[in-house]
Number of protein chains: 2
Amino acid sequence: MRNLRDKKTFWCYEKLSKCCCRLTKPRHAILDVLSATEKHLNAEQIYKSASRIEPNIGLATIYRNLELLVNIGLVWKFETGNSKTVYELAECRHESHHHHLICKKCNSIIDYSGFRDNEKDFIRRREEMLSKKYDFKIQNHCIDFYGLCAKCRNA
Amino acid sequence: MRNLRDKKTFWCYEKLSKCCCRLTKPRHAILDVLSATEKHLNAEQIYKSASRIEPNIGLATIYRNLELLVNIGLVWKFETGNSKTVYELAECRHESHHHHLICKKCNSIIDYSGFRDNEKDFIRRREEMLSKKYDFKIQNHCIDFYGLCAKCRNA
DNA sequence: GTCCTATTGAGAACTATTCTCATTAATAAA
DNA sequence: TTTATTAATGAGAATAGTTCTCAATAGGAC
Ligand SMILES: [Mn+2]
Ligand SMILES: [Mn+2]
Ligand SMILES: [Zn+2]
Ligand SMILES: [Zn+2]
């Protein structure tokens, strides 16, 4: 196992310890799995990949840690409507915040992140307005577009 | 039971028969339940309310019909992230299309529908742009804002 | 190295949803 | 109105994603 000094340089070690969360081997593996892909993985897929790094890891540990990582904001979780919850890294990626195009037929997900400035402005203004109008503290948002991907439309 | 002539005047009878769906008693009850509220109900809640109208209705029938009604576009379904899928009528309401403010703590949902024209324009333009860029036919969208409601913030 | 306790693995338990199948009833046709 | 067709139903079993339990382990502060 990596020694302590190495661990302290891990990209989210600080954030974890700030929350009194230890950088355990399963946790490290899960973060490695999510870091290594740009796909949206469900718990089972993360379990399989993480098992290659930590062969004895348990599925319950996957769920426990995903919940924890979502809570401290390192991971973004969302439901696709076909009962498979998927996860992706929230930070440390090409461009962290993004929206989704979701195909209703094949359930594939396209990340959309090339925001124009006016798009960010628009959403920020909308959030300000909504916060006031409904006395609601907005922390984040989820914008998904549903429809048919090119492949499914031509099939 | 209502006779045939009455049923044919039911607000979505045409839409149903167009899809070869019969206006059955359980179906009628579910639509009545959804029509009578502005809340977002889960399957269990719909089951309980519908049971008061049709005492022998089965839970499986609730799920079957909700799926059907979602497919033909009469009902809007969405997942709140706490594993309770909720449903609401898509048509025949104050203002059909709307977005949501969802409290992360108490899971309450606020409907937000007072769109300004520029908001609709903005989303329409965005959809046009995305459709082209990703060769994706957009059919609808889901915009949710997550955060803390007034009650939970002051508690 | 010692100690405290957060975290783990295994599997049982839970729960929302879907499936199966014999029976019933909505509707079109006669 | 009667009949025929087959979509739809209720009951309960089955499934699957997720959470829980608990004794054992290991991260990391000291
Ligand atoms: Mn994504
Ligand atoms: Mn709503
Ligand atoms: Zn597709
Ligand atoms: Zn709240």
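We name chains A, B, ... by the order of the sequence lines, and we start the count at 1 in each one. Nothing here was measured: the structure is a model prediction, and the numbers come from that model.
In this structure, the side chain of A:Ser131 engages the main chain of A:Phe136 through a donor-acceptor pair within 3.5 Å.
Between A:Phe78 and A:His100, the ring planes are parallel. Angles under 30° get that label, and only those over 60° would be called perpendicular.
Taking the nucleotide of DNA chain D with the nearest heavy atom to each of B:Cys20 and A:Tyr87, the more 5' of the two is matched to B:Cys20. Across the interface with DNA chain C, nearest-nucleotide mapping of B:Asn42 and A:Thr61 shows A:Thr61 to be the residue nearer the 5′ end.
Straight-line distance from the CD atom of A:Glu14 to the C1' atom of D:dG28: 15 Å, rounded to whole Å. When the C1' atom of D:dT18 is taken as reference, atom CG of A:Leu68 falls 16 Å away, rounded to whole Å. When the C1' atom of D:dA13 is taken as reference, atom CG of B:Leu59 falls 14 Å away, rounded to whole Å. Rounded to an integer number of Å, the gap from CG of A:Leu66 to P of D:dT18 is 10 Å. Atoms OH (B:Tyr47) and P (C:dT15) sit 17 Å apart, rounded to a whole Å. Atom pair B:Leu16:CG and D:dA8:C1' shows a separation of 13 Å (rounding to whole Å applied). At whole-Å resolution of the value, CD in B:Glu44 and P in C:dT17 are 9 Å apart. In this structure, B:Glu79 atom CD and C:dA16 atom P are separated by 13 Å, rounded to whole Å.
Listed nucleotides D:dG28, D:dA29, D:dT9 differ in distance to A:Leu23; the shortest reach to its side chain belongs to D:dG28. The side chain of A:Arg27 has C:dT7 as its nearest neighbour among C:dT27, C:dT17, C:dT7. Among C:dA26, D:dG28, C:dG9, the nucleotide with an atom closest to any side-chain atom of A:Tyr13 is D:dG28. Set against C:dT17, D:dA29, D:dT19, the side chain of B:Thr85 has C:dT17 as its closest nucleotide. Of the candidates D:dA29, C:dA16, D:dG17, the closest approach to any side-chain atom of A:Tyr63 belongs to D:dG17. Ranking D:dG10, C:dT8, C:dA16 by closeness to the B:Lys84 side chain, first place goes to C:dA16.
The existence of a salt bridge linking B:Glu128 and B:Lys132 is excluded, since no basic side-chain nitrogen approaches an acidic carboxylate oxygen closer than 4.0 Å.
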Which pairs would a plain distance check flag for residues 145-155 of chain A, meaning a side-chain donor or acceptor within less than 3.5 Å of a matching protein atom at least two apart in sequence or in another chain?
from     : atom 1 : to       : atom 2 : distance (Å)
A:Arg153 : NH1    : A:Leu148 : O      : 3.3
A:Arg153 : NH1    : B:Asp135 : O      : 3.2
A:Arg153 : NH2    : B:Asp135 : OD1    : 2.7
A:Asn154 : ND2    : A:Ala150 : O      : 3.0

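B:Arg22 contributes a side-chain N or O that forms a donor-acceptor pair with the base of D:dA7 under 3.5 Å.
The closest side-chain donor-acceptor pair between B:His98 and B:Glu88 falls under 3.5 angstrom. In this model, a donor atom of one side chain and an acceptor atom of the other lie less than 3.5 Å apart for A:His40 and A:Asp111.
One finds no side-chain N or O of B:Thr24 lying less than 4.0 angstrom from the OP1 or OP2 phosphate oxygen of C:dA26. Taking 4.0 angstrom as the limit, B:Lys7 places none of its side-chain polar atoms (N or O) nearer than this to OP1 or OP2 of C:dA26. Between D:dA8 and B:Lys25, no contact under 4.0 Å exists linking OP1 or OP2 to a side-chain N or O.
Within 4.0 Å (heavy atoms only), A:Ser17 reaches no atom of the nucleic acid at all. Looking at heavy-atom distances under 4.0 Å, B:Asn65 makes contact with sugar-phosphate atoms alone, never a base.
By the rule that hydrophobic residues join a cluster once side-chain heavy atoms approach within less than 4.5 Å of another member, B:Ile109 and B:Leu89 end up as members of separate clusters.
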Could you pull out the protein-nucleic contacts involving nucleotides 21-24 of chain D (nitrogen or oxygen on both sides, under 3.5 Å)?
from   : atom 1 : to      : atom 2 : distance (Å)
D:dT21 : O4     : A:Arg64 : NH1    : 3.3

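Cation-pi geometry between A:Arg126 and A:Phe122 is satisfied (NZ or CZ under 6.0 Å from the ring centre, within 45° of the ring normal).
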